[in-house]
Every structure is written in structure tokens, then in C-alpha cells.
Amino acid sequence: MPYDSIFRPGLLTGQVHIVTGGGSGIGRCIAHELASLGARLALVGRKRDKLDEVCAELAREGGPQKIEVRPYALDIREESRVEETMAQILTDFGRIDGLTNNAGGQFAAPLAAIRQKGWETVVRTNLTGGFLMARECYTRWMSEHGGAIVNIVADMWGGMPGMGHSGAARAGMVNFTETAAVEWAPAGVRVNAVAPGWIASSGLDTYPPEVKRQLKRLRRAVPLQRLGTEAEVAAAVVFLLSPAAAFITGTTLRVDGAAPLAPLASPWTTMMRMFAVQPEGNIEEPGWPLPDHTRSHPFNGFHLAVTPKALEEE
């Protein structure tokens with residue numbers, strides 16, 4: 001069965017889209033939805049084997065109607081490699097209509113325990129790399145032809161205790177998004193961001209065991225009482241890349257079930273508090289109650305989505 005996008009078939013036919021971090025998780029899902037809508041794809045990631053797997057999936061999905069997708073193994077933190085790769089993408093495809101800056105990574109640690117190397121590694125991945133990709137898209141093609149850029153950030157409103165390096169970088173990317181939206185508007189380039197909250201993605205399985213044991217409890221701090229799906233993030237990205245968002249630029253669309261608005265401080269503070277208590281512990285905070293319910297029905301158009309092992313029932 002194909003990807004079940006809510007957008008009309010052929011929406012992106014003839015367009016070329018770049019997806020960084022396209023070898024797994026949310027980036028993989030975005031790639032599948034873009035391809036289902038007719039886009040030609042350049043998938044960027046550090047691990048060529050993962051990119052090849054996604055390219056093979058897309059080739060099988062295309063059937064007689066071949067999907068044009070190519071992998072590009074790249075560390076987006078390396079400026080010279082970004083420049084070389086972007087030049088190659090233009091040689092291979094001849095144009096760039098959209099960029100989804102999805103690549104990122106971080107590790108859990110309090111600020112006092114983060115060394116300079118760890119701090120700079122995360123900031124270069126989550127901020128500098130996205131800037132380099134966007135700059136090259138703009139200077140090499142979009143400055144003359146227009147286009148759309150979507151930067152994937154995070155729910156860092158109210159801080160990200162336990163992941164301060166990532167919070168600082170993501171906040172920087174939001175500001176970069178706003179700045180680029182103004183500077184690049186005369187070229188017909190729109191720049192927006194999507195901020196996923198807690199999403200049931202394969203990324204949850206990368207956390208250490210003591211963290212994964214608590215992940216099932218995260219939904220209790222979300223007013224919609226569930227985690228989001230990869231397809232819900234992908235749909236937000238496609239909307240911002242589409243003509244329907246032609247008058248939207250410089251904004252950040254939050255896909256988070258209203259978690260930052262809940263009366264439990266910031267979502268990251270809540271998560272870190274969860275990690276600090278025993279599994280049988282309870283979260284008791286003053287403020288508006290968040291009753292348990294099942295009235296929020298997820299959208300999951302991604303036919304290859306798999307529940308993270310960290311969220312599976314024991």
C-alpha cells in the first residue's frame with residue numbers, strides 16, 4: 001500500500017526536494033510523503049547504508065512509475081563537503097525547489113556536565129549544519145529562482161533542562177528562520193520551521209535504558225494525552241512547502257499536542273522530572289488538570305511506520 005497523504009496527488013510533480021537526515025525517523029517519513037506527491041528527492045545523511053535502504057523502499061513504492069531519488073552521504077557540519085554536495089545535487093537534478101533541514105542530534109546531560117566538545121558538536125549539528133545547507137540552497141539556486149525551506153527544530157519553549165546544548169541550537173535556528181525569511185523574501189524564498197513535540201519515532205530508541213523506561217509516561221504531560229506520529233510532522237512540513245502556505249514565512253509551526261501550554265512547566269522539565277522518579281511515581285503539579293482520555297485520534301499516513309520499541313507494551 002502507498003503512503004496515504006492527505007494532500008492531492010501530483011502536488012509536487014516536477015519539483016526537486018532535499019531532505020537532510022533522510023535515512024531514518026521523521027526524515028524518512030518526510031521523504032516518503034514528498035515522493036508520494038511526485039517530488040524528485042535528494043536524501044542527505046551521514047550513513048550511506050541507511051540512505052540506500054530508504055532509496056530502495058522508495059524504488060519499490062514507485063513500481064512502474066519510477067521515483068527519482070538519490071543518496072548523498074554527508075556530514076552537514078563540514079562546510080566544504082556541504083558546498084561540494086550541493087553542487088553535485090544541482091548537477092544531478094538541475095534545480096532545487098525545497099529543502100527540509102531535518103538532520104539533528106543531541107544527548108541528555110545537565111549543563112554543568114557538558115564539555116566544550118560535546119556542546120559544539122550538538123550546536124554544529126543542530127544549528128550550523130542547517131545554516132550551511134540553507135545558505136547553499138539560496139546562493140546556488142533559490143536566489144534566482146525562489147523556493148521554500150523548512151527547518152525542523154524542537155519544543156524548546158521554557159528551556160530544555162537536561163539538553164541545554166540542543167535547546168540553544170534550536171532556538172538559534174528559530175531566529176535564523178525569522179532572519180532568513182526577511183532577507184530572502186525579495187528572491188521569492190519562504191523560510192519556516194516546524195517544532196515537533198514528543199513524536200513516536202525511531203529516535204526514541206536511541207536514548208539510554210533508564211530514559212526509555214520512562215518514555216511511555218510522557219503522554220500524561222500532553223493535553224491530547226498521546227505522542228504524535230511521524231506522519232503528523234511530515235504533513236506540517238509538506239503544508240509549509242506547498243503553495244497553500246504561499247503567504248506564510250518566518251513562522252514556527254508547533255506539532256506538539258499543546259504540551260508547552262500544559263501547567264507542568266516546560267515539556268523538557270517535565271520529561272527530566274519523569275526520568276528522576278521511580279516507575280511507580282506520580283506527577284503531581286498544581287494548576288489545570290490533564291485528565292486521561294482517548295479522544296485525540298492520530299493521523300498516520302505512513303504505511304511503513306513502526307512503533308518504537310521503547311513504547312511497546314511489555
Side-chain angles (χ1 to χ4, degrees), residues 11-59 61-62 65-105 124-152 173 176-177 180 184 187-194 234 237-238 240-242:
L11 176 66
L12 303 177
T13 296
Q15 293 190 15
V16 174
H17 285 260
I18 301 172
V19 180
T20 69
S24 62
I26 293 173
R28 170 178 173 246
C29 180
I30 293 170
H32 272 272
E33 180 154 24
L34 292 175
S36 76
L37 297 172
R40 302 157 65 202
L41 295 178
L43 298 188
V44 173
R46 286 192 301 124
K47 297 182 179 181
R48 177 61 185 263
D49 57 338
K50 288 188 175 183
L51 296 175
D52 287 340
E53 289 177 7
V54 177
C55 287
E57 289 175 355
L58 291 169
E61 295 298 323
Q65 298 179 340
K66 297 296 183 181
I67 293 174
E68 185 176 357
V69 54
R70 301 191 185 195
Y72 299 86
L74 166 68
D75 186 337
I76 61 172
R77 298 171 295 186
E78 299 178 6
E79 184 173 35
S80 62
R81 289 286 295 118
V82 171
E83 294 171 344
E84 293 168 3
T85 300
M86 293 300 293
Q88 187 61 53
I89 289 174
L90 275 172
T91 297
D92 294 341
F93 289 94
R95 61 186 295 152
I96 300 171
D97 297 281
L99 165 68
T100 301
N101 259 326
N102 168 74
R124 287 178 64 209
T125 300
N126 294 347
L127 176 59
T128 305
F131 157 70
L132 292 174
M133 291 294 300
R135 185 198 69 191
E136 290 302 296
C137 278
Y138 177 78
T139 58
R140 291 178 182 271
W141 181 262
M142 292 184 179
S143 61
E144 297 294 331
H145 305 89
I149 297 172
V150 176
N151 300 312
I152 304 298
M173 183 55 77
F176 164 72
T177 297
W184 297 351
V189 178
R190 296 184 300 104
V191 188
N192 291 292
V194 168
V237 171
V238 173
L240 290 174
L241 291 172
S242 78

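Note that this is a predicted model, so its numbers are computed, not measured.
- The shortest side-chain heavy-atom distance between S36 and E61 does not fall under the 4.5 Å cut-off.
- Within a 6.0 Å radius of CD in E144, other residues, nucleotides and ligands contribute 12 heavy atoms or fewer.
- Using a cut-off of 4.0 Å between Lys/Arg side-chain N and Asp/Glu carboxylate O, D75 and R77 are scored as salt-bridged.
- Residues I152 and N101 have side chains not in contact (no heavy-atom distance under 4.5 Å, counting atoms from C-beta outward).
- Rounded to the nearest 0.5 angstrom, I76 CD1 and L132 CG are separated by 8.0 Å.
- Under a 3.5 Å cut-off, the side chain of W141 and the backbone N or O of R95 do not form any donor-acceptor pair.
- By the 4.0 Å N-to-carboxylate-O rule, E83 lies close enough to R135 to be salt-bridged with it.
- Taking CG of L43 as the reference point, atom SG of C55 lies at 5.0 Å (rounded to 0.5 Å).
- Across E68 and D92, no two heavy atoms sit closer than the pair OE2-O, 4.4 Å.
- Across all their heavy atoms, A134 and I149 have their closest contact at CB-CD1, 4.1 Å.
- A side-chain N or O of H32 and one of E57 form a donor-acceptor pair less than 3.5 Å apart.
- Side chain of T125 to main chain of G105: no donor-acceptor pair is present (N/O by atom type, distance under 3.5 Å, no hydrogens or angles).
- Just one of T128, T85, V82 meets the side chain to side chain contact (heavy atoms under 4.5 Å, CB included) condition when paired with M133; it is V82.
- Considering all non-hydrogen atoms of both residues, D52 and P71 come closest at OD1-CG, 3.6 Å.
- To the nearest 0.5 Å, the span separating CD1 on I89 from CD on E84 amounts to 12.0 Å.
- The 12-atom threshold is exceeded at CZ of R140, counting heavy atoms of other residues, nucleotides or ligands nearer than 6.0 Å.
- A heavy-atom distance below 4.5 Å is not found between the side chains of V189 and S143.
- Taken to the nearest 0.5 Å, the CG atom of N151 stands 7.0 Å off from the CG atom of L99.
- Summarising the geometry of E33 relative to A234, their closest heavy-atom pair is OE1-CB, 3.3 Å, with the distance given to 0.1 Å.
- Once rounded to the nearest 0.5 Å, the distance linking CG of N126 with CE of M173 reads 8.0 Å.
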Inset, instruction - Determine, stepwise, if the pair T20 / N102 fulfils side-chain hydrogen bond (donor to acceptor under 3.5 Å, both in side chains). - result: CA-CA 5 Å; T20 69; N102 168 74; 5.5 Å; no
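- Between F176 and W184, the ring-plane angle classifies as perpendicular under the 30° and 60° cut-offs.
- Judged by distance alone, the side chain of R70 and the main-chain N or O of F93 form no donor-acceptor pair under 3.5 Å.
- Of all the heavy atoms in A193 and L240, the pair that sits closest is O-CD1, 3.8 Å.
- When side chains are defined from C-beta on, L241 counts as touching V150, because their heavy atoms get closer than 4.5 Å.
- Salt bridge status for K50 with E53: absent, with no side-chain N to carboxylate O gap under 4.0 Å.
- No donor-acceptor distance shorter than 3.5 angstrom exists from the side chain of D97 to the backbone of H17, with no hydrogens or angles considered.
- In plain terms, the two heavy atoms of I18 and C137 that are nearest each other are CD1-SG, 3.9 Å.
- A distance of 15.0 Å separates NZ in K47 from CG in L74, rounded to the nearest 0.5 Å.
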